[in-house]
Amino acid sequence: MRTNLDHRQQNHPLSGLRNVGILAHVDAGKTTVTERILYLTGTTHKRGEVHDGTTVTDFDPQERDRGITIFAAAVSCDWDGHSINLIDTPGHVDFSDEVERSLRVLDGAVALFDAVAGVEPQSESVWRQADRHGVPRIAFVNKMDRPGADLDAAVASIRERLHVTPLVVQLPMGKEAEFSGVIDLIRMRAYVWNDDTFAERLVPDALLEQAKRRRRLLEEAVAELHPVALDEFYARSTVSAETLAAALRDLTRSGTGVVVLCGSAYRNRGIEPLLDAVVAYLPSPQEVPAVRGMSDGAVQERVADPRAPFAALVFKVSSTATGRLTYLRVYSGTIRKGDTVMDAGAGRTERISRILRVQADQHAEVQQAIAGDIVAVVGPKSARGGATLCAPAALLVLEPPAVAAPVVSVAVEARKSVDSDRLMSALTRLVEEDPSLTVRTDSETGQTLLSGMGELHLEVAVEKIRRAHGLEVGVGRPQVTYRETVARGVSGFVYRHVKQDGGAGQFARITLDVEPLEVADDDSTENFAFRSVVVGGRVPQEYVRAVEAGCRDALAEGPVGGHPVTGVRVTLTDGATHSNDSSEMAFRTAGRLGLREALRASAMVLLEPVAEVTATVPEDAMGGVLGDLAARRGRISGTTSRPGTMVIVATVPLAELFGYATQLRSRTQGRGTFTTRTTGYVPAPGARSEETPPR
């Protein structure tokens, strides 16, 4: 099918290329749209279905088991003399980092909306992500055949929720189950589908007046935004199809307006006009601004020219049965099989042994890739996501995709001790493939903590380790690191250390005062203080230093629960030595054991870590969010009103934040976000010990 829109195809190899992503909330139909595009363009010969697990882009076993897209998948197809590189992105909020990396290398996007639900929470989130990257978009209202489908309501939600100007270029024919086609308001032609057949017709008489009214509204909306269309509208009281198409293209690429189409991907209706719109309105690589990077400390631009020096951005790394694949967006120059390139950030050279055109999990080897291409390469051993590969003689460092800070952590361990090294190797590979995952070992608990964007994100990551590496992995709640401190100390506590087992013995007697020391909230200063007020040389200076070292040793385990002790001031007030048996070792031992006993004689308090939580939530969800924070023993420290949202700042015990990401999304329909910052320790409720007699 052709709509005869003015493509303005130039005599340039990049003018016929489109790098496009499919963006939407989970279950809006992204994968189904992608499958229909592949089928209609002749790339595949059978329509894949999500519910049957036969889709091209959802090829991972976990994606087919769960029925959702988890990993961004790239495919290529041809339409109307143009090549389209298409990336099907995840819709679940836990995998928003996959969307972020994809948007970084795309020139345009198709945003899908459910005809019944309109703008859903994650649709709003990915739209904002595309705004940050300046990616031009067109909108496709899907599932027009569903009961309750309403194009006007969906368009109203786009206007209200996304604060953009929707420019509706189609009128649906038939409602809900009777949806059979669309009227193109630009050319005033009807497109009708019947099973797998498609026909272009005159606008039916029954819909002609409505179509004319909608066409008039479209002309007025475009004339308000585009000066050329405005001039023609004033001169002729109408806007021609050619001027309208050119204006829509300009408005789309500038982000001033959003072209809106509709259809039903599942029933294969509306996909041909969508492909025409992709070609007509979304830009080619040569029509987007030149990429900017740093070279020798200065900003440098590279245009999308195959003859320019080579520069490409790594946006994804994956391990397959045949080796490591590094996915590139080539921004300038040409790369050929066998070339040596520079990893500009790491300062290492890498050799390109193979270049592959990607069709989800299938690959076709090619000899070269030019500016504008999205390909996978084999050969780089250590290039990570966000790395810049460039010509060694023309170094350039491109800005990497932003990586969101993880919000949820779990403890992972190999069920068999012999598999511990294999688990660490698997975790390292996992983090290479997904930079939004982090792995660290807690220095106090010894747990290996895996952190990510949500509980589903971590569940998928752990399952991937189990399936790909055949490891039995245990997953548990991370332990919280508590502290102990002195609520009320002791004075004049005497400790005498005597040891005699043949030969030179050990003797040391010390007198200690123990009192609370105000703890810095940010742990920026040392929370232990020691001083000596001994006079008359009763304890030599070298023994005083040994006592301090022993006291520091004692702080490793407190008397309440064996947790580290903080916020203590110790004063050495007196002591005694023996002419033969006293030594630095004896006084260090006395300091360690003496302070332990002194702490047992003091009133101790258990401290728990707290974090400052900053939650941004819709106004209508504020009550539920505040109630949930209160149930988690949170203390609200402030609220700030913003247009349509509220920002809540609260201090919450770290132990109560496990699972908070999922709960917040549930209470705000996925629209709420939060950040955390560890701020220190506070007394845990009911965790005070009274004095215990020294042993």
Side-chain angles (χ1 to χ4, degrees), residues 3-6 110-116 118-119 127 136-142 144 148-176 178-192 200-264 269-270 273-274 276-277 280-282:
T3 61
N4 294 323
L5 294 174
D6 177 14
V110 177
L112 262 59
F113 302 96
D114 188 304
V116 178
V119 177
W127 189 272
R137 280 142 282 170
I138 60 177
F140 183 75
V141 179
N142 192 27
M144 288 295 298
D150 188 334
L151 177 62
D152 291 339
V155 170
S157 71
I158 292 174
R159 180 183 293 108
E160 295 165 6
R161 295 281 294 274
L162 304 181
H163 307 291
V164 297
T165 303
L167 303 169
V168 184
V169 298
Q170 292 177 341
L171 174 67
M173 300 173 63
K175 293 188 65 176
E176 301 176 353
E178 302 302 318
F179 173 73
S180 59
V182 297
I183 296 173
D184 178 5
L185 299 177
I186 299 174
R187 297 180 61 235
M188 293 300 287
R189 300 288 290 178
Y191 303 139
V192 181
E200 180 178 336
R201 300 174 182 170
L202 295 173
V203 177
D205 292 339
L207 294 173
L208 186 57
E209 286 303 316
Q210 185 181 2
K212 288 180 178 179
R213 287 198 307 271
R214 294 296 181 109
R215 164 66 183 250
R216 184 70 175 181
L217 291 173
L218 176 63
E219 291 176 355
E220 292 173 353
V222 171
E224 287 182 1
L225 301 172
H226 197 277
V228 175
L230 179 63
D231 291 343
E232 186 172 317
F233 187 78
Y234 273 125
R236 301 173 51 190
S237 295
T238 187
V239 181
S240 68
E242 292 74 17
T243 301
L244 206 54
L248 289 170
R249 178 175 51 254
D250 293 341
L251 295 175
T252 298
R253 295 178 184 181
S254 67
T256 309
V258 178
V259 171
V260 180
L261 304 96
C262 63
S264 169
R269 296 175 181 179
L274 174 62
D276 282 333
Y281 304 128
L282 296 179

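No hydrogens, no waters, no symmetry mates; every other heavy atom, side chains included, goes into these values. Since the structure is predicted, the reported quantities are computational estimates derived from the model, not experimental observations.
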For the [atom1] atom of [X] and the [atom2] atom of [Y], what is their distance to the nearest 0.5 Å?
X	Y	atom1	atom2	result
Leu151	Phe179	CG	CZ	9.0 Å
Thr165	Arg159	OG1	CZ	7.5 Å
Glu224	Leu230	CD	CG	9.0 Å
Cys262	Met173	SG	CE	11.0 Å
Leu261	Asp184	CG	CG	8.5 Å
Lys212	Leu185	NZ	CG	13.0 Å

Spell out, as yes or no, whether a donor-acceptor pair under 3.5 Å connects the side chain of [X] to the backbone of [Y].
X	Y	answer
Ser157	Val119	yes
Arg249	Leu282	no
Gln170	Val260	no

Looking at every non-hydrogen atom in both residues, tell me the closest pair between [X] and [Y] and how far apart they are.
X	Y	value
Val141	Asp114	CG1-C, 4.5 Å
Asp150	Ala153	OD1-N, 3.1 Å
Val239	Arg215	O-NH2, 2.5 Å
Ala241	Ile186	CB-O, 3.6 Å
Phe140	Val110	CB-CG1, 4.1 Å
Trp127	Ala111	CZ3-CB, 3.6 Å

Would you mind reporting whether Phe233 and Glu220 have side-chain heavy atoms less than 4.5 Å apart?
yes

With a 4.5 Å limit on heavy-atom distance, are the side chains of Val168 and Leu218 in contact?
no

In sequence, state the C-alpha distance, the side-chain angles, and the governing distance for Arg189 and Ile183, and then conclude on side-chain contact (heavy atoms from CB on, under 4.5 Å).
CA-CA 6 Å; Arg189 300 288 290 178; Ile183 296 173; over 6 Å; no

With His226 as partner, the option from Asp250, Thr256, Thr243 fulfilling side chain to side chain donor-acceptor pair (under 3.5 Å) is Asp250

